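Below: the structure, in structure tokens.
Given the structure is predicted, the values throughout are model-derived calculations rather than measurements. Every chain is numbered from 1 and lettered A, B, ... according to where its sequence line falls, protein lines coming before strand lines.
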Amino acid sequence: MSLDRSQQLELYSRMLRIRRFEEAIVAHYPVGHLSIGQEGAIVGACMALRDDDYVTGTHRSHGHPIGKGAAINPLMAEIFGKRTGICKGLGGSMHLTDTSLGLICESAIVGGGFPLATGAGLSIQVRKSDQVSLCFFGDGAANQGTFGESINMAAIWKLPVIYFCENNGYAVTTSVAASHGQPDIARRADGYGIPGVIVDGQDADAVYEVTQAAVDRARAGEGPTLIEAKTYRFDEHSNRLAIPIRYRSDEEIAFHRNERDPITLYRARLVAGGLAAEVEAIEAEVTCIMADAVQFAKDSPEPELSDLTDNMFSNPINFPVTREGIFGDA
Amino acid sequence: MSLDRSQQLELYSRMLRIRRFEEAIVAHYPVGHLSIGQEGAIVGACMALRDDDYVTGTHRSHGHPIGKGAAINPLMAEIFGKRTGICKGLGGSMHLTDTSLGLICESAIVGGGFPLATGAGLSIQVRKSDQVSLCFFGDGAANQGTFGESINMAAIWKLPVIYFCENNGYAVTTSVAASHGQPDIARRADGYGIPGVIVDGQDADAVYEVTQAAVDRARAGEGPTLIEAKTYRFDEHSNRLAIPIRYRSDEEIAFHRNERDPITLYRARLVAGGLAAEVEAIEAEVTCIMADAVQFAKDSPEPELSDLTDNMFSNPINFPVTREGIFGDA
Amino acid sequence: MRNSTQKLSYLQAIVEAQREEMRRDERVILMGEDIAVYGAQSLFDEFDHSRLRNVPISENSFTGVGVGAALTGLRPIVDLTIASFVYLASDQIINQAAKLRFMTGGQLKVPIVVRTSTFYNNRTAAQHADRPYPLFMNIPGLKVVAPATASDAKGLLKAAIRDDDPVIMFEDINLWGKKEEVPVDVDFLVPIGKADIKRAGSDATIVSVAGCLLPALAAAELLAREGIDVEVVDLRTIAPMDKETILASVAKTGRLVIADNSHKVGSVASEIAAVVSEEGFESLRKPIQRVATPSVHIPYNQALERQLYPTKERIVAAVRAIL
Amino acid sequence: MRNSTQKLSYLQAIVEAQREEMRRDERVILMGEDIAVYGAQSLFDEFDHSRLRNVPISENSFTGVGVGAALTGLRPIVDLTIASFVYLASDQIINQAAKLRFMTGGQLKVPIVVRTSTFYNNRTAAQHADRPYPLFMNIPGLKVVAPATASDAKGLLKAAIRDDDPVIMFEDINLWGKKEEVPVDVDFLVPIGKADIKRAGSDATIVSVAGCLLPALAAAELLAREGIDVEVVDLRTIAPMDKETILASVAKTGRLVIADNSHKVGSVASEIAAVVSEEGFESLRKPIQRVATPSVHIPYNQALERQLYPTKERIVAAVRAIL
Ligand SMILES: Cc1ncc(C[n+]2csc(CCOP(=O)(O)OP(=O)(O)O)c2C)c(N)n1
Ligand SMILES: Cc1ncc(C[n+]2csc(CCOP(=O)(O)OP(=O)(O)O)c2C)c(N)n1
Ligand SMILES: [Mg+2]
Ligand SMILES: [Mg+2]
């Protein structure tokens, strides 16, 4: 159950797209929470999914749609708050949700995705479909009550859900050691009678393999799996939050950047496998894609007040609330 | 670490007080959720506590104060909704809270006690006291998110808290098998890096022993323990809720009533140990206590409207809301 | 068939609404704790059990599971049973159900119905007796209904199930047993967002919120005996509110009493008063009167509890005060 | 010393309030996620770390842990950071903190302070930008404060910490950096439950709720240039509300505009309008005007977001409409 070469190249391309997308954000529109350093975990997991499988994500939302293969232009335009954005400029950096690829929510409420992913699993089961649902969440999110509540429900109903932890060691400034009774999130799985697996999140192939096994299990009706990918966030928690304290050492950061970059590691593997030319072609292509996307985003129009009311309800009733329009002041 | 004979007699007396208290309720003022069948778990646990240790309980609230040694009259008057009740008739059957014995909340919100008991543990730690805090909860409550959230906090801070599950096999009509990924609540402890212990809840001495070990551990600063006592509720979920379906067999109920009654079992042990006379004296005394309590409750006055406003705030401001009094209608 | 009726209690009407919609649309599922205890046992005989889910006691998550299912092709009814538990699920209701369509720029729809019952006047004390519907009217993106009759319960629930937006229905446990003739037509719907004039009148308007309809009508009867002709507007939908009907009634009568079982401060009655003081001020001849539950918690003692909710006597007194 | 002041930002004033009360009373502790990030880093140098708790991301439980600690001898300040997270903790706030004293017949007191910041106008989109203070005014047993100046923030927070009942303080992130002279007296308290006339006037009353004080004062300035003399009442405490001050102002001016950042339906503005339409009706010469945030979610796009909250222009227009 390994990826073939073309799939490996696609995996590399998607990881690189995440990296370059976020570098472009930093350069052109610095908002949000970056997934740089975590690309191996994200894309490794997504490679095990079909286009019609569901995914829920987090405030650190850029990687998930790109990992799932989404078009870049609408994502970039969303970062810029434009009307051509995937969410029309209403969702923004924490909520890059491309439903055409099964993404149903990037929840900036930490832990908010657990029930939604589980609900997608329930829907799959009731509709007798063979899709699966994958829930990305952070180590910090594992302390939200919805974690145990949702996993338990998936366990009793044998729902086709993969709970996938991007354990980057920290929740803002709070380390896993300071916030978890014991440090392995996967070890909690046994309490719900389901398998828990730990994997090196910087090894995208390894991530793919454990995820594919969980997906197979889910499609076979055998229920959920909890996967914990140990990974690392290279940059600060968020581009926009000033952090007045030091909570991790420079050495630690340098070690991960230098020795444990999932993209560097994967590139070396591909090159060693004789794919140097293909790798370079991908790199050139990704650079173009990002330049185009930034231009597209810049050139796109802003949303308007009417977009607010237009996107509130599927079936508006007595709405907007006032005849005069949105404000209804005198 | 076993109970001496006088403690065993006290244990027996408290179990019997719970049983007779609830039989009196059924006869005279049939409200609420009965603990009959679960006395061994409740009192076994309470015998390991000091008067100044904290306890949180549940909607099935009668056993906890009695197990902790509370005076019966104010509890009975509370059941009758009287002003002499422990909560002045404002709390009622689901909330028999006697704070003079460290009871801080009987939560009718299932799972609501986890954070409160944990907070009491935090308070003990910050105040450098040597008290402990014990959280009674049901098997159903273990599926509330506060379970994992709270236990994790107690684990990371090594709080002196004992999480004590009265696993009676059901939450209303829902069996543990139908609502838990795997049936042993205690097995979830490992996910938080704390010990989890299963004990026969119908054997009050055994319950005492595991609880005492957990209390010692907590007082020694070694942190929380999760205890699961397997027990059984002999009666319906609540005196006041009609249950239109059969969710457990008559044989199952009969087996527990006949073979697994914690009071019968304990009585036999005491009698075999040569305490027949003492046991009979206790039985006579408990009968008197309950007759007195029912009379006291019947004779007591009702609370008044002013009791409502008087008990809202410690420090009332702009209250009651209207000059005219509580209603403030025209 | 089209115009025939059947005698049903309020709770039976709710069960029938669910049955009819589950028959009509296999995407409709029902989730809740011990659903058989809350009236759904007969559904187990008819429907695939995969559509009837007894859930663990995990309110925030099972509500969110309903939301997730709604996003992916089902139309879940989530029974939160007792309204005091709604706070546990309010994160998923407010931060997810109400916001997801907007946040995704309209990519998603969220056809979920959350049912919950106000368990007041029932000797269950402060942790069970809340009537928290006012909290949800402040949340954009939610529809909130609160029927006071069996027909309205059936018709509004059916409309809610067919609606593509999240709807919360607040039921009233004190009405569960009340029987009346209810339409049997499987397409009988009560429109969300329309108040209903349950009694026409010209001297004063009583707007009743949720379960206050019965004391409001009783008050109107009492006053009628004295020749005072009161109009009773049953709000039915709390959000989005039918301002037109209320303003039209006040334009006619010039006098407004609002009866609401929720706590007075920040109540639905407050919102109605605000709307009328803003948009109907010129028609008002006298101060608005809110008859609501005072700002104390609900006591266990039954005699005390009973006095707290609006009664016909208090409503009559409020009308008299502005005649 | 008694009358001296010190230039502090709104956030610094909050940190100083905490520092002073932690010095004064060792039962005071501070709990929250990443508290150093939210201004408390300097407290770590001074106080035993056992009183400063970085908590896991478990809002309902860590708030409840604060409640449990409050029941057993501490006086916790729980920082819920961003107000959109308050729904996660609303069960423990509403079903426990607000009710426990009452439910136990007064045996317990619950001296907890829950702080939370409204993070609006900050490009964080719908899941971060809520201003949910109206929801809590409907809950008996809670005190809710929402200061708009650094001095009020300091004085109200200190009063809240010393109060034996549960208090929720809604801060305004848009004011965090705003500096002013703040009293240094360690016993400087702002009384809970008292509104403050921030500008006296006789032609119309503007009641400002929470962060709306700045646009309200700016509006008053603009109108003053035209000779229109507006009184600005800063509500400061949302519950229990200071009805007297509001009614007295309206009795004087006969005209009322209410500016509130929360969504209009079910807002604090609605409650104020209801109170005045009930108890101050005879003084009202014109319809009440609510200037609030329309009932849409908060978009990420900054230009759109900025237009949604009450501005001085909208407040001026509302005053003009009733002159
Ligand atoms: C319910 C909730 N609480 C707190 C926050 C603030 N917050 C945003 S991200 C974050 C840390 C999340 O940590 P983790 O789950 O490990 O994800 P990471 O940021 O490391 O990717 C916190 C506390 C939030 N957004 N939602
Ligand atoms: C938050 C919440 N959800 C649901 C209920 C309704 N309810 C009351 S008791 C109960 C079952 C609790 O089961 P368990 O924890 O096993 O306790 P037991 O009744 O068996 O003692 C339920 C669902 C409640 N009171 N609170
Ligand atoms: Mg993390
Ligand atoms: Mg049970």
Side-chain angles (χ1 to χ4, degrees), chain C residues 59-60 84-85 87-96 98-99 102-103 125-127 130 132 134-141 239-241 256 258 262-282 284 286-290 294-300, chain D residues 59-60 84-85 87-96 98-99 102-103 125-127 130 132 134-141 239-241 256 258 262-282 284 286-290 294-300:
Chain C
E59 277 82 2
N60 201 28
S84 296
F85 311 156
Y87 312 119
L88 283 152
S90 58
D91 167 57
Q92 285 287 326
I93 295 173
I94 297 173
N95 278 325
Q96 307 293 355
K99 292 175 181 171
F102 181 89
M103 279 173 46
Q127 284 186 335
D130 285 1
L135 280 58
F136 295 92
M137 76 182 159
N138 185 244
I139 312 301
M241 199 177 273
L256 176 61
I258 313 156
S262 61
H263 295 288
K264 185 170 186 172
V265 178
S267 60
V268 175
S270 300
E271 177 61 24
I272 295 170
V275 165
V276 174
S277 71
E278 208 172 45
E279 300 181 45
F281 182 77
E282 310 299 345
L284 274 179
K286 289 281 180 170
I288 297 171
Q289 304 290 314
R290 290 175 292 165
S295 293
V296 295
H297 292 304
I298 302 306
Y300 168 72
Chain D
E59 277 82 4
N60 201 28
S84 297
F85 311 155
Y87 312 119
L88 283 152
S90 58
D91 167 57
Q92 285 288 325
I93 295 173
I94 297 172
N95 278 325
Q96 308 293 355
K99 292 175 182 170
F102 182 89
M103 279 172 46
Q127 283 185 335
D130 284 1
L135 279 58
F136 295 91
M137 76 182 159
N138 184 245
I139 312 300
M241 199 177 273
L256 176 61
I258 312 156
S262 61
H263 295 288
K264 185 170 185 173
V265 179
S267 59
V268 174
S270 300
E271 177 61 23
I272 296 171
V275 165
V276 174
S277 71
E278 207 171 46
E279 301 181 43
F281 182 78
E282 310 299 345
L284 274 179
K286 289 281 180 171
I288 296 171
Q289 303 289 315
R290 290 175 292 165
S295 293
V296 295
H297 292 303
I298 302 305
Y300 167 72

Please assess D:Glu271 against C:Ser270 for the test side chain to side chain donor-acceptor pair (under 3.5 Å), listing each intermediate value before the final yes or no. CA-CA 5 Å; D:Glu271 177 61 23; C:Ser270 300; 2.6 Å; yes
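Annotation: maximal heavy-atom pairing with chain C below 4.5 Å, among D:Pro134, D:Ala269, D:Ala89, occurs at D:Pro134. Options C:Val268, C:Ile94, C:Ile258 differ in how many heavy-atom pairs under 4.5 Å they form with chain D, and the most are formed by C:Ile94. The greatest number of non-hydrogen atom pairs below 4.5 Å with chain C, out of D:Lys286, D:His297, D:Gln96, is found for D:His297. Per-residue counts of heavy-atom pairs under 4.5 Å with chain D were compared for C:Met241, C:His263, C:Glu278; the largest is that of C:Glu278. Options C:Ser277, C:Gly141, C:Pro299 differ in how many heavy-atom pairs under 4.5 Å they form with chain D, and the most are formed by C:Ser277. Comparing D:Ser267, D:Pro140, D:Ala126 by how many heavy-atom pairs each has under 4.5 Å with chain C, the most go to D:Pro140.
Contact of C:Met103 with chain D is made through the side chain alone, with heavy-atom distances under 4.5 Å. Proximity to chain D (any heavy atom under 4.5 Å) is restricted, for C:Ile298, to the backbone atoms N, CA, C and O. Both the backbone and the side chain of C:Val275 have a heavy atom closer than 4.5 Å to some heavy atom of chain D. In this structure, chain D has heavy atoms under 4.5 Å from both the backbone and the side chain of C:Ala98. For C:Glu59, no part lies near chain D; criterion is any non-hydrogen pair under 4.5 Å.
For the atom pair CZ of C:Phe85 and CG of D:Asp91, the computed distance is 10.0 Å after rounding to the nearest 0.5 Å. Between C:Phe102 atom CZ and D:Tyr300 atom OH the span is 14.0 Å, to the nearest 0.5 Å. For the atom pair D:Ile288 CD1 and D:Leu256 CG, the distance stands at 5.0 Å (nearest 0.5 Å).
Contact detail for D:Ser90 and C:Tyr87: the closest heavy-atom pair is OG-O, 3.3 Å. C:Val265 approaches D:Met137 most closely through the heavy-atom pair CG1-O, 3.5 Å.
Of the possible donor and acceptor atoms, one in the side chain of C:Asn60 sits under 3.5 Å from a partner among the backbone N and O of C:Gln92.
Annotation: side chain of D:Asp130 is in contact with side chain of C:Asn95 (closest heavy-atom distance under 4.5 Å).
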